[in-house]
Amino acid sequence: MSTIDTHAGHSSHGGHHGSYLTSKGSLWADVANWATTVDHKKIGVMYLVALLTLFFFGGVMALAVRVELLEPTRTVEVAGEMVTTGQRLGVLAPDGVSPNNIYNRAMTLHGAIMTFMFIVPGIPASLGNFFLPLMIGAKDVAFPRLNLASWYVYVFGSLFALASAIVGGIDTGWTLYTPYSTMTDADHWRVVAMTTGVFIMGFASIMTGLNFVVTVHKLRAPGMGWFDMPLFVWAIYATAIIQVLATPVVGITVLMLIFERLFNFGLFDPRIGGDPVLFQHFFWFYSHPVVYIMILPAFGIISETITCHARKKIFGYKAVAFASLGIAAVSFLVWAHHMFTSQGELTAAIFSFLTFLVAVPTAIKVFNWISTLYKGSIVFNTTMHYTLGFLFLFTIGGLTGLPLATLSTDMHLHDSYYVVAHFHYVMFGGTVIAMLAGMHHWWPKMFGKMYNEPAAKLGFWLVFLGFNLTFFIQFIMGAHGMPRRYASYPDEFQTMHIISTFGSWMLLAGFLVHLFTFIHSLIQGKPATANPWGGMTLEWLAESPPDEHNFAKEPIVKHGPYDYDTVVPPNYDPADYPLPEKPYTH
Amino acid sequence: MSTIQPTRGEIRTGPMLPHETVQKGHHWRTRDDEFDAGKLGMWLFLATELLLFSGLFCGYAVMRLLYPEAFANGSHYLDWRWGGLNTLVLLVSSYTMAAAIRHTQVGDRARAQMALIVTWLCALAFLLVKLFLEYIPKWSEGKRPGVLFDYPYAQHEMEPMWWSLYYASTGIHASHVIIGMGLIGWLIYRNAKGWYGPKNYLAMENIGLYWHIVDLIWIFLFPLLYLIH
Amino acid sequence: MNALMAGISPKVLSTASFMDRFWFGDSSFTEAGRSGDWMFMFIWWLSVFFFVLLMVLMVYFSYRYRRRPGQHAPVSPAHNTPLEITWTVIPTIFFVVMFFEGFRGYVKLNYAPAGAIQAYLLAYQWSWELEYPGGQVSSEATMTSVGTRASNPEQHFSSIKAPIWYFPEKQPVVLRMTSRDVIHSFWVPDFRVKMDIFPNRYTSYTFTPDALDDTAPIMEDAEVGAYRYRDHIVLCAEYCGDNHSEMAAVIRVVPREIYEAKLEIFGSPRGTLAERGRVISQQRGCFACHSVDGSSNIGPTWKDLYNNEFQYTDGSTIRVDDNHLRESIYEPAAKIRVGYPNQMVSYQGMISPEQLNWIIAYMRTLSGATPAEDMAAAMVDPDAQDGTQEGSDGG
Amino acid sequence: MSDHKHEHDAKRPDPATMTEAEYRDYMADPHAFHPEHHGAGEHAHDGEGHHVTSLFQLRAVLGILIFFTVLTVASSRAEIWVADTFDLYIPTLVNVLIAMSIATIKAVFVVAIFMHLKWDNRLNLLVLLFTLMGVGLFIGLTAMDLGNRKEFYDWKGDQIVAGGTGGSAGFVALTRSARGKDEPEVIPTSLVEHARNRAIQKYGEAVFAEKLAQKHGHHDPMPARTPNRSRATEGLTADLFDTTVPAGGDH
């Protein structure tokens, strides 16, 4: 009893041009078409390419950092002379530059690229751009030209930031804390270039967020009420709200920082009476909500993949949806937990309490996802591997956050490798793993090709094991007393650092396998059907890859997004998914 | 004042004006949807503007709590008459902007054009006052932000901080005025071509909203900088 | 923490449990630190419980309900309100408990009992300088074995000398810290606390080291004889530039008599803070208007001034403390004592903040405080760092 | 929610057959939509249902705005006049409150009438309110941190000193347009003092004193009405109760 109106056939639609990937004839025509397109799908793909390129740069920096840390860099006495061994990145240092400085630049670039340029725009701008309109049955986002502009602004901002990297990079740490960031490299424009890049990219983020909020409000398909929206849409909606409300503050913050560097403005400069902690407040007012900009879309993806590949209605739809909004709301109230060791005690106590508040909706989500598996029909393809991997890693990431929210234990763990491990478990184990889940889930839809499942599963295991190898040990390291951002370190940590570095190489191998499967799929993959997994959400109504205008006929929603137990998925052979004999009723 | 009659209800021959033939975007179901979406988008953008300025207000609040005397001295250096004049100029421009939208809504294109031009001129007047009566004299006296400060008759150690905040907040506000002038200029040009009418005035409405926010921020900046001491 | 530097005490695993060693390497060496460890372990076991529960369920469901060809998933409810309320309320309760316990521990970690030694710590790129209340500065240091390549020795340290600071066992200590350039953070992993250090404010760091038991190693010292000691490494935890990772120091906990003997040896080359304060007051001409013996003059006498209450012309009664004195010297007109003219000029720029601290220390001694328990504002003189003359910025 | 949805599916309206006005209503709330409840004339008229503000209203608002501007300026001048004439100093807090209240009233008029929010979609109002909440939290919590840094030790907070407590002027190497020059100018003292010293060097002490008097002679020394840093100000300032010694400033 498929109740969604399926395709009315190509003939009924006059201006049908075939899939959005169809070539326009010549290469130049294609380039011109893609460069000027306002199609959300093409912009999504363009974002994906740009993001993955920057992910590559950030990854190279991460590997460099790990290689540096293979040895503790000890100064030893050889024949009466003090000689430093093991400064691996130090060999790159020009004369007069401290070898540690090279490490500091690599570490900063890794952080800045990964946060500002990869993971903040990450899922919303790529997968969100592609699938948000499809999932609500719209032809496009609300403001298509703004969408294209956001891509250009993003690329322009990234180029600004990368320009600073090419001429030497900055060594402020991605957090750009004053007064160090106002004093370092005093005679050079690198820091200004990087901060200007961040400022520009803020606009891209605002444009995307604004676009998505309006799209969700105004372009839902006929019949799609708020509680008929897929949870990915809810998550992107919550994310977009944060993007709109938080990003301007980082805009003014980096603007002040730029003024600070150009004219010594004084607001954050203790030499003129400014308050460096004020900068931290400004910075984290944006940069904490940004953590949820990173993780909320991941929650959305997991809600989609876990239901689709377990063929199960999500457990507690409203709880999951409201948890997204709850997290978005509370995310604005917890920023100062990054500053327990620097601010007043009363503020620390208040923010500690509020931080625990944000843990509640997150816990609810995890409980709901695991309950969704109950009595499902679970298939172990790559997407499900990544989904279960996400649950494993994100649960660790979330639980290890508790000692950081607790005041007494955070006094020890703050700014140590424990924190590094924690946010990698959340950002990588959460967001990146979920993004990989989403990419495998939607790859057939995006490019119309299937990928090699065994190879992709191999990639998963390499990524999963490599990730745990790299980062779990860092929890222990941090609690033992290893501070962050150390180019050289006490000997006792060397074994743990070596394990961690080996893990990073395994991680690299995993990504190379994925790169291979994706490229292989594009060239030689089997054509995908419109709905290879039997999904219920609207994007599976479209062709694979979707048409230029998404749907041949505007879809009308007549059932919920996860009614796997009462409805046969669209575009799918009912023989494969028979309905249960006794549908569940109240 | 205008010889051109309102177009509403008028039977007119000749080619259609652009605003009468505007079509909705291909992905919208109705033009009303498109209009509402455009306004919602604009309001979200205004939200980002408010938050952008909230950083400056926050800096002002914190520094004022720290150095109240410096800020009291600072406001004495500013002449409330010029600030007040600028406030009036912006208020009038806000009114003419709202009036322009009202005239367009009822189809009175010529009066709308006049209102837009007055708005633009007010913006220009604001900037001229700002530049020639405030920035240039103050800058040449040495009342400059941060380390550029060179005013020998200062009475408090933290006056450079005051000037930093003064230049940052009024400067960012003035840059908004400049952008607004560009946008209003574009409106004037397009209105002359007949792009705006009762059925198509979203762009004017949105730029109007932007212009009112610029006015709104000045409404707060004026007492904070010029009046409170 | 061991083997960071030559001459540091060997690692002794005292009474640490297996989990302590797994997570922290050793148990903490302060009472407050151990309560923090207990808190961590509480959260850890709670997390382990929930993690195992969730993962067992996940794996079990995944296996039990794996897809079988031709079979549709059985139908089950899509929500269950009592269950959902339960799993909302239970974590919330745990979180509230964690918050309160964490806050109690935080207070314990940050609050020193009365009678604490107050030492003054200056952080700068990339080392520390600690001054004891009597003005002593430790002259002992140890070479770190971490360092950077000496590609340009003039510009960069080829190796860092980590100062050794002596503190008596069982003695509460408060470090009053500030920075000379950028933000640093004072972290003693063995004490389980860190605190940021800012260039324009004071922050405090508190610890009460445990008694030295039999497991503490013995140091043979030519000057003061053999004694038990225990070393704790200090690290900078807030990124501060090139040699951030080489910014180390050692806190050496020793018996009280050894501590006192060491301070004797270090001496007090520039006098105690109070002595310095008296000299500065003399130089700046304070005694033209203020007496120190209680006699009346143009300005109020300094005798018994500190920590006593006086009437002011705005009707308020103020207990004279550091902040009030600072204000009265930098902005004399802000508050006027009843019975005295508003005549004093501002000494802003003439008395530097650290000189001000010495003067306050001096005023404290005039009100009966002894230097050892001096809680007054004071700071090491940054000029001493550069070897330049003291008070070069004054008039 | 969707558990029992399929029971209602049959009754669900089909948007494809709706009129545009019905469709708009439907999209606003698909679950509550009932075509029979939709009365003609509730919504709008000839395609554009947007409020047209009357010119009278706009002019009235302009008048109100100008009136409040005059009022806020007048209150600020009055405060100075009162201080000069009666030696009655109104606390800064009161001034701030008055000025900010007037600004808020003005803002409400601009937002409600000029920006049409009174007649606009409620959603836009919601956006504005959330934004203001965010602004309030941002400023409020940040300022709260500043006021509460000394819970454990009295000397911990409120110690922000230019140049830093650690070094003061000695180490400060602030440079004036240092970049791009071989020998940047080093400012050894505070910026204000440095500017003063330069001027004294340039004019000589006597001329400088004359110029200084010219600059500040026309007004009384500013009263030190600080929410002072050692104790919070309570109530009105000194001179209301004690007229013996006016609390003059040192400048």
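Every chain is numbered from 1 and lettered A, B, ... according to where its sequence line falls, protein lines coming before strand lines.
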*asked:* Please report the interatomic distance OG1(A:Thr409) to CZ(C:Phe42), rounded to the nearest 0.5 Å.
replied: 11.5 Å

_Let's test your reading of the structure: which of C:Leu46, C:Ile43, C:Val59, C:Val188 forms the most heavy-atom pairs below 4.5 Å with chain A?_
C:Ile43

*Identify which part of A:Met107 has an atom lying under 4.5 Å from any heavy atom of chain C, answering side chain, backbone, both or neither.*
side chain

*To the nearest 0.5 angstrom, please state how far the CG atom of A:Leu391 sits from the CG atom of C:Leu57.*
11.5 Å

_C:Tyr205 OH to A:Met411 CE distance, which is reported to the nearest 0.5 Å_ = 8.5 Å

*Region of A:Thr372 that comes under 4.5 Å of a non-hydrogen atom in chain C*: neither

*For residues A:Phe367 and C:Pro91, determine if any side-chain heavy atom of one lies less than 4.5 Å from a side-chain heavy atom of the other.*
yes

*asked:* How close do C:Phe61 and A:Tyr374 get, counting heavy atoms only, and between which atoms?
replied: CE2-CD1, 3.6 Å

*Please flag which part of A:Thr172 lies under 4.5 Å from any non-hydrogen atom of chain C: side chain, backbone, both or neither.*
backbone

*asked:* To the closest 0.5 Å, what do you measure between NE2 (A:His414) and CG (C:Asp196)?
replied: 5.5 Å

_Heavy-atom count check: over 12 atoms from other residues, nucleotides or ligands less than 6.0 Å from C:Arg66 CZ?_
yes

_Using modelled atom types and a 3.5 Å cut-off, is there a donor and acceptor pairing between side-chain atoms of A:Tyr317 and backbone atoms of C:His79?_
no

*Side chain, backbone, both or neither: which part of C:Phe100 has a heavy atom under 4.5 Å from chain A?*
neither

*With a 4.5 Å cut-off on heavy-atom pairs, point out which of A:Thr175, A:Val277, A:Thr400 contacts chain C the most.*
A:Val277

*Most heavy-atom pairs under 4.5 angstrom with chain C, which of A:Pro276, A:Pro483, A:Ser342?*
A:Ser342

_For chain A, which candidate among C:Leu54, C:Val96, C:Val107 shows the most heavy-atom pairs at distances under 4.5 Å?_
C:Leu54

*Out of curiosity, C:Phe103 CZ to A:Leu407 CG, how far, rounded to the nearest 0.5 Å?*
7.0 Å

*How about C:Phe99: does its CZ atom have over 12 heavy atoms from other parts shown lying under 6.0 Å from it?*
yes

_With A:Lys365 via side chain to side chain contact (heavy atoms under 4.5 Å, CB included) - residues at least two apart_ = A:Leu296, A:Phe299, A:Val320, A:Ala323, A:Ser324, A:Ile327, A:Trp369

_Options A:Phe353, A:Phe475, A:Phe340, ranked by heavy-atom pairs under 4.5 Å with chain C, top entry_ = A:Phe353

*So what's closer than 4.5 Å to chain C heavy atoms on A:Arg311: side chain, backbone, both or neither?*
both

*Test item: A:Lys312 and C:Ser76 side chains (from C-beta on) under 4.5 Å apart, heavy atoms*: yes

*Select one option (side chain, backbone, both, neither) describing which atoms of A:Ile396 are under 4.5 Å from chain C's heavy atoms.*
both

*State, with a plain yes or no, whether a side-chain heavy atom of A:Thr341 is found less than 4.5 Å away from one of C:Trp187.*
no

*Interatomic distance, A:Arg485 atom CZ to C:Cys240 atom SG [nearest 0.5 angstrom]*: 11.0 Å

*Report the C-alpha separation of A:Thr395 and C:Met58 in whole Å, then their side-chain angles, then the decisive distance to 0.1 Å, and conclude whether the side-chain contact (heavy atoms from CB on, under 4.5 Å) test is met.*
CA-CA 12 Å; A:Thr395 309; C:Met58 185 181 92; over 6 Å; no

*Can you say whether A:Ala348 sits under 4.5 Å from chain C via the side chain, the backbone, both, or neither, judging by heavy atoms?*
side chain

*With respect to chain A, which residue among C:Met98, C:Arg68, C:Lys194, C:Glu238 yields the maximal number of heavy-atom pairs within a distance under 4.5 Å?*
C:Lys194

*Indicate yes or no for a side-chain donor-acceptor contact from A:His412 to the backbone of C:Asp190 under 3.5 Å, with no hydrogens or angles considered.*
no

_When A:Ala363, A:Ala349, A:Ala319 are compared by non-hydrogen pairs under 4.5 Å with chain C, the top option_ = A:Ala349

*Just wondering, are more than 12 heavy atoms of other shown residues or ligands nearer than 6.0 Å to OH in C:Tyr111?*
no

*Flag side-chain contact, heavy atom, 4.5 Å: A:Tyr486 against C:Leu235*: yes

*Is the CD atom of C:Glu31 crowded by more than 12 outside heavy atoms at less than 6.0 Å?*
no

_Quick one, C:Phe198 and A:Asp275 - any side-chain contact, counting heavy atoms below 4.5 Å?_
no

*Please look at A:Lys375 and chain C and tell me whether the side chain, the backbone, both or neither of the residue comes under 4.5 angstrom of a heavy atom of that chain.*
both

*What part of C:Leu109 is in contact with chain A, defined as an atom under 4.5 angstrom from a non-hydrogen atom: side chain, backbone, both or neither?*
side chain

*Is there a side-chain contact between C:Glu101 and A:Thr406, using heavy atoms and a 4.5 Å cut-off?*
no

*Looking at A:Phe315 versus C:Trp87, is the centre-to-centre ring distance below 6.0 Å?*
yes

*chain C contact via A:Leu413 - side chain, backbone, both or neither, heavy atoms under 4.5 Å*: both

*Shortest non-hydrogen contact from C:Ala78 toward A:Lys313*: CB-CD, 3.2 Å

*Tell me, with the steps shown, if A:Asn104 and C:Tyr239 meet side-chain hydrogen bond (donor to acceptor under 3.5 Å, both in side chains).*
CA-CA 9 Å; A:Asn104 291 341; C:Tyr239 176 67; 3.3 Å; yes

*Picking from A:Gly173, A:Ala310, A:Gly376, which has the most non-hydrogen pairs under 4.5 angstrom with chain C?*
A:Gly376

_Check for me whether the distance between the ring centres of A:Phe392 and C:Phe51 falls short of 6.0 Å._
yes

*Write down the atom of C:Ser62, the atom of A:Leu373, and the distance for their closest heavy-atom approach.*
OG-CD1, 4.1 Å

*Where on A:Tyr180 is there a heavy atom nearer than 4.5 Å to chain C: the side chain, the backbone, both, or neither?*
both

_Heavy-atom contact with chain A under 4.5 Å, split by part of C:Asn110_ = side chain

_Report which part of A:Tyr562 has an atom under 4.5 Å of a heavy atom belonging to chain C: side chain, backbone, both, or neither._
neither

_Side-chain donor or acceptor of A:Asn100 paired with backbone N/O of C:Asn243 under 3.5 Å_ = no

*asked:* Using a 4.5 angstrom heavy-atom cutoff, name the option from A:Ile378, A:Asp410, A:Leu402 with the most pairs to chain C.
replied: A:Ile378

